[in-house]
Amino acid sequence: MLPENSSTVHILGHRVNGNLSNLFREEGGIRARPPDSFLAHIARVLFDRGAAVLVDRLEVPPMFSTQRFRSRRAAAGLAVTLALASGGWLNSSVALADPGARFLVIGGAASSNISVLGLDEAGRLSTVPGSPFPSGTGSLAVTVTPDGRNVYSVNTVSGTVNGFRLGSDGILTSIPEANLELGGPGVGAVAAPDGKRLFVTSGSVTNEIRTYSITAAGGLVLTGVAQVPGVSALSQLAIAPDGRFVFAVGWLEATAFSFAVGPDGALTLVDSVAAGPMSTLPGVTPDGRFLYVSNEAGGDISGYAIGADGKLSPVPGTPFRTGLMPLPHGAVFTADSRRMYMAEAMAGQISGFQIAENGSLSPLPGSPYPAPAGTLPGRVVVDSESQRVFLIDTLTVGVTARVHPYAMAPDGRLTPTGEQSVDTGLIFADGANAVLAVQR
């Protein structure tokens, strides 16, 4: 007898953990069927139930997993389309989860390429064949569309935006219509939550934000330009989860800016507030309530509550001190918006903070957490699914930057996993240079 929920079907980009064993029993029992007919059997059951679905991947219990079946499952073209009227089976209670391929995408500020690392469900990293892939020179920002399919990098040295299609195998393929000359250094980039627009900062002492429409093929069409006030320089970007506001910082101006996003993507300045010296790498909590800015020269973090109108109000206790001579480098968050982690390049560590209901910060147990010897931490990426944090070198005695995995305990403290760090092949990974891509 099959145990309840013992099989998993991936339908339309979602993992469905249904009581499939009941379906099998109704069809006379699956045990009598050889593994090679397993997918066909699932298809027939769903057909009989009137489902209109796309079965694109199948996980079976160990008793049915043979080398022959695993090879067939991995083969291209396993997807089966079932176009049917309507069904009662899909209306039953099932648990949904994202089954897509997952990757860590990283740019190099002193490189002319982008690294892609595979990431399994347990958070283990692997190098994608062919990585790092050629790109523009001097990437300071990498962003990915919400479907995990399009990657965009902006480059200070080559002064370009470079767009790529990210395959399910992790291979990057250039999008010709997304390779654009900016006419000056590229600094920051962020994709809109609906995947329809890309915002890019460009310039030297003064910066502007360019709005691009993203075509169905991933190409970019310029639709508007907004000026970042003052002597901004190195203006990195963040965006609210609902896409209504874009936030920029002025590295020289020591200011955080809030822009409202119009229906056509046009930006309108709604607020500007003081930040610390050399303010950079803004981050917005996933619930959209707070903005945090790293102040590199100040060695602290500025926190702001985001109003319904996009205005920014300092949270109680801001700014928040990090370590001794820390050079804080980018706020990243857990999916529940309750914790924040930040690399401290000069201090050689990761700081972890609990985020209070009012946005104030307090250290997590055991914080700060030391980086490996011989490295300057440049960026962290949080994977809430596997409960891991990945630390990426900005500079290292090994020349090329590596990614170091940490396990995240229930109380938020970090410990090295003991797994081997993975070489990115990049030199000087700096800026908003790393993002987790989850394909849907």
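The backbone N or O of N162 lies less than 3.5 Å from no partner atom in the side chain of T160, so there is not a single donor-acceptor pair. In this structure, the side chain of K311 engages the main chain of V270 through a donor-acceptor pair within 3.5 Å.
With sequence neighbours excluded, no residue forms a side-chain hydrogen bond (donor to acceptor under 3.5 Å, both in side chains) with T375. Residues forming a side-chain contact (heavy atoms from CB on, under 4.5 Å) with E419 (at least two apart in sequence, or on another chain): R124, R388, P405, T417. Residues forming a side-chain hydrogen bond (donor to acceptor under 3.5 Å, both in side chains) with N150 (at least two apart in sequence, or on another chain): R165. For S337, the side-chain contact (heavy atoms from CB on, under 4.5 Å) partners at least two apart in sequence or on another chain are T285, P286, D287. Residues satisfying the side-chain contact (heavy atoms from CB on, under 4.5 Å) test with V422, not counting sequence neighbours, are L117, L125, T127. With sequence neighbours excluded, the residues that form a ring-ring contact (aromatic ring centres under 6.0 Å, His included) with Y292 are F333. Take S112 and apply the side-chain hydrogen bond (donor to acceptor under 3.5 Å, both in side chains) test, not counting sequence neighbours, and it matches T137. Under the rule for a side-chain contact (heavy atoms from CB on, under 4.5 Å), the partners of L376 that lie at least two apart in sequence or sit in another chain are M346, T394, L395. For R244, there are no side-chain hydrogen bond (donor to acceptor under 3.5 Å, both in side chains) partners two or more places apart in sequence or in a different chain.
Residue pairs meeting the salt bridge (charged side-chain N to carboxylate O under 4.0 Å, His left out) criterion with at least one partner in residues 288-310, sequence neighbours excluded, are R289-E357. Applying the salt bridge (charged side-chain N to carboxylate O under 4.0 Å, His left out) definition to pairs two or more places apart or across chains, none involves residues 178-191. Listed by first and then second residue, the salt bridge (charged side-chain N to carboxylate O under 4.0 Å, His left out) pairs that reach into residues 246-273 come to none, sequence neighbours excluded.
Nearest heavy atom pair, residue L312 against residue V273, reads O-CG1, 3.6 Å. Taking all atoms of both residues into account, the shortest heavy-atom contact from F257 to S272 is CD2-CB, 3.5 Å.
A salt bridge does not link R149 to D147: none of the charged side-chain nitrogens sits closer than 4.0 Å to a carboxylate oxygen.
Checked by atom type, the side-chain pair S384/D336 shows no donor-acceptor distance below 3.5 Å.
Here the CD1-OG distance, from I301 to S351, works out to 6.5 Å after rounding to the nearest 0.5 Å.
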